[in-house]
Amino acid sequence: MLSRTTRPVRRNSRHRLLAGLTALAVVTSGLVAGAVPASAKAPTPSPVVASENGRGNVVLNMFQWTWDAVAAECTSTIGPAGFGYVQVSPPQEHIQGTAWWTSYQPVSYKIESKLGNRAEFQNMVNTCKAAGVGIVVDAVVNHTAGADTGSGTGTGGTSYSVDSFPGVPYGANDFNDCRANITNYGDRYNVQNCRLVSLQDLRTSSDYVRGKIAGYMNDLLGLGVAGFRIDAAKHIPAADLEAIKARLTNPNVYWVHEVIGAAGEPIQPSEYLGSGDSHEFNYARTLKSRFDGSIASLDEIGNGLLTSDRAGVFVDNHDTERNGETMNYKWGAKYKLANAFMLSWPYGSPSVYTGYTWDNKDAGAPGATSTSVPDASCSNSAWTCTQRWTEIAGMVGFHNTVEGTSVSNWWDDGNNNIAYGRGDKGYVAINNTASAVTRTYQTSLPANTYCDVVAAKDCSKTFTVSASGTFTATVPAYGALALHVGKTGGTPCTVDCPTTSATTVYYSTSKGWNAYKVHYKVGAGAWTTAPGVDMTAACTGWVSREIPTNGATVTAAFTNGSGAWDNNGGKDFSLSGQHVQVSGGVVTAGNPCTGGEGGGTEGDASFSVNATTVLGQNVYVVGSIAALGSWAPASAKQLSAASYPVWKLTLDLPAGTTFEYKYVKKDGAGNVVWESGSNRTATVGANGAVTLNDTWK
């Protein structure tokens with residue numbers, strides 16, 4: 001029998017194996033006769049509070065946030081940022097335990113979970129609606145608690161045992177006849193009738209069970225929720241879900257299904273379109289692959305997937321951030337770039353994820369007990385609080401402004417720099433390399449001065465677009481810029497301009513404080529009110545805070561807000577530049593979160609080779625490791641000719657990696673010319689970087 005601590009790993013083990021498979025083919029026969037019409041996008045809630053970012057369909061997935069904490073954040077941050085919806089964790093009564101996955105083992109449909117009670121849930125719905133934000137519920141309707149849990153008492157005081165859930169009630173006849181675990185994902189019956197890692201599989205073909213599930217959803221609709229995410233939807237026949245939705249008081253309510261599709265499997269996301277949209281997992285898998293390689297082909301990301309109006313998209317969620325299927329917050333700057341792309345690219349309905357930091361994949365939210373979770377606090381670096389990141393808030397506004405426009409003025413360098421417009425409404429540039437890039441960009445924007453919504457929230461950094469639609473900019477390493485017509489103004493600097501308008505301060509979490517704040521002054525200005533302002537999680541081991549400076553030096557000290565201080569031995573810290581980090585009393589320039597997963601465990605191998613070519617030839621690098629094609633020329637990595645005759649390429653490789661490599665020339669006919677001599681060798685340094693300057697031989 002599986003132990004409970006292995007459940008989340010087993011639950012996703014099949015899906016981990018599928019992360020690299022090809023994209024799904026769209027099946028257009030997913031709608032069946034008599035099916036309930038699906039709602040492609042949930043309606044915008046009304047009334048709304050003022051939001052300078054407008055209002056749109058972006059969902060914020062707030063994993064394991066309590067109802068009281070969600071309500072407070074809706075008013076202070078989520079509504080003003082322009083999010084349309086919040087997806088909350090399952091609200092029904094569930095088994096006791098500190099692990100996060102206990103929320104996904106229902107005991108009854110009573111609104112009494114470790115995240116809050118019914119009254120708190122109702123208050124959250126009402127508060128968020130007043131802030132212009134709808135609530136989407138993560139609905140667990142495929143199963144009840146696992147058979148391996150035996151008997152016990154739920155978070156709301158309801159007793160249960162195997163095949164007996166009096167709180168609903170469900171008995172033995174309300175579960176499918178197969179009492180074994182799923183063993184074959186190639187067999188439809190096995191997937192949809194047997195147990196998902198011991199979770200007792202409901203007989204959703206039963207009229208009685210359908211009525212109980214519909215009753216649970218109708219109760220939530222009565223409380224004012226705006227929609228549902230259907231957990232483990234692939235384990236429920238699509239026809240059963242359509243029959244359940246037909247029983248709802250609002251049969252057109254927004255649904256999005258969790259269908260983890262893979263090529264060759266009999267169950268695909270498209271067959272669930274009769275009752276709602278489906279999440280497109282291959283979109284998130286592609287983002288991980290491209291940002292760990294080359295992003296030049298991201299303009300093709302929707303090829304072979306569900307149509308845009310039926311796809312829910314994300315960079316990560318609570319399952320995939322833990323099982324390695326997608327990127328996660330530990331990827332640092334690249335994670336922010338992937339979110340910026342998702343929020344600016346016209347495919348699918350985007351969902352931004354916010355949760356908490358973790359090393360143990362089973363660990364519940366910070367401070368969780370068997371029956372409760374403390375309110376999330378963004379002053380506690382254990383919570384990622386992505387909704388407060390400047391880049392996320394800025395790109396939510398961008399998304400809302402450009403909605404409905406098509407892509408224009410696409411540009412890429414063949415490797416890791418891309419830029420594109422959204423009609424005459426916006427323009428984005430993304431630099432997925434370790435070096436800043438300066439160039440003149442061609443847009444379709446009207447002539448004006450635009451705020452860079454990625455750089456700052458206060459329009460302190462601007463770019464002026466000429467009458468011909470061009471502007472010149474330097475995009476920082478692992479950085480982006482975004483301009484849109486909803487954010488204009490400012491006076492561009494022309495004389496004695498500061499090199500930066502803001503300093504992002506990174507502080508090491510090695511002290512193990514429960515919270516981190518920075519107390520500072522800019523130049524000769526006034527100090528912030530003690531103990532200072534919150535710093536938020538940046539990447540593993542670091543918190544950060546962006547401080548507007550207009551080029552002035554920041555004087556700062558750091559504190560946990562409860563009496564512990566780091567003020568550089570009474571001298572305070574002097575901080576300047578675009579990115580600066582403080583660790584162990586030492587100040588150094590740079591962003592510790594650039595690179596790859598873990599904020600430095602992957603680094604940059606910079607290849608540069610002086611090589612002349614004939615018309616039609618390009619230069620590639622091939623080598624002994626998989627990242628360099630394992631000596632297969634067909635899988636070699638192409639270098640950029642932007643600095644011809646010097647060809648350049650930057651790749652992310654793990655620190656300490658030793659490899660052999662050679663350069664090859666290839667033409668359009670597939671002819672390959674290898675350079676002569678022995679193999680070259682190199683080792684990525686402990687700091688995650690290696691620079692190679694070569695000449696063709």
Side-chain angles (χ1 to χ4, degrees), residues 332-333 336 378-381 384-385 388-391 393-394 434-436 452 454-462 474-481 493 496-513 515-595 599-600 687-688:
K336 294 180 180 179
C378 289
S379 64
N380 181 348
S381 62
T384 57
C385 293
R388 295 194 178 188
W389 295 355
T390 297
E391 299 88 344
S435 302
D452 180 358
V454 171
K457 295 178 180 178
D458 60 359
C459 203
S460 57
K461 185 171 185 179
T462 60
T474 298
V475 184
Y478 296 113
L481 66 80
C493 178
D496 295 329
C497 302
T499 58
T500 179
S501 59
T503 294
T504 301
V505 179
Y506 299 85
Y507 188 74
S508 169
T509 59
S510 58
K511 292 184 179 297
W513 290 342
Y516 291 84
K517 296 176 179 287
V518 57
H519 180 46
Y520 69 87
K521 67 176 182 177
V522 177
W527 284 85
T528 56
T529 301
V533 294
D534 294 339
M535 304 186 77
T536 57
C539 59
T540 301
W542 297 89
V543 291
S544 68
R545 178 80 185 197
E546 182 184 74
I547 301 174
T549 63
N550 197 30
T553 297
V554 176
T555 304
F558 303 89
T559 176
N560 66 354
S562 302
W565 284 86
D566 178 6
N567 61 3
N568 195 23
K571 297 179 292 184
D572 296 321
F573 292 96
S574 180
L575 312 172
S576 61
Q578 185 177 8
H579 297 281
V580 62
Q581 51 191 290
V582 181
S583 178
V586 178
V587 178
T588 54
N591 178 353
C593 298
T594 56
N687 65 348

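Model, not experiment: these values are computed from the prediction.
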What heavy-atom pair brings [X] and [Y] nearest, and what distance separates the two atoms?
X	Y	answer
Trp542	Val582	CZ3-O, 3.6 Å
Ser576	Thr553	CB-OG1, 4.2 Å
Ala556	Val518	CB-CG2, 3.9 Å
Ala436	Thr474	CB-CG2, 3.8 Å
Ala477	Ser435	CB-N, 3.7 Å
Tyr506	Ser544	CD2-CB, 3.6 Å

Spacing of [X] atom [atom1] and [Y] atom [atom2] [to the nearest 0.5 Å]:
X	Y	atom1	atom2	result
Lys461	Leu481	NZ	CG	7.5 Å
Tyr516	Thr559	OH	OG1	11.0 Å
Ser379	Trp513	OG	CH2	13.0 Å
Thr555	Tyr520	OG1	OH	12.0 Å

For residues 502-513, the salt bridge (Lys or Arg N to Asp or Glu O under 4.0 Å) pairs (sequence neighbours left out) are none

What residue pairs, at least two apart or across chains, pass salt bridge (Lys or Arg N to Asp or Glu O under 4.0 Å) with a residue in residues 526-541?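 Of all non-adjacent pairs touching residues 526-541, those that pass salt bridge (Lys or Arg N to Asp or Glu O under 4.0 Å) are Lys517-Asp534.
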
Can you find a pair of side-chain heavy atoms, one from [X] and one from [Y], that are under 4.5 Å apart?
X	Y	answer
Asp566	Tyr507	yes
Phe573	Val554	no
Trp527	Asp572	yes

message = Treating Thr504 as the side-chain partner and Glu546 as the backbone partner, does any N or O pair qualify as donor plus acceptor under 3.5 Å?
response = no

Next on the checklist: Tell me whether Thr390 contacts the main-chain N or O of Ala456 through its side chain, where contact means a donor paired with an acceptor under 3.5 Å.
Outcome noted: no

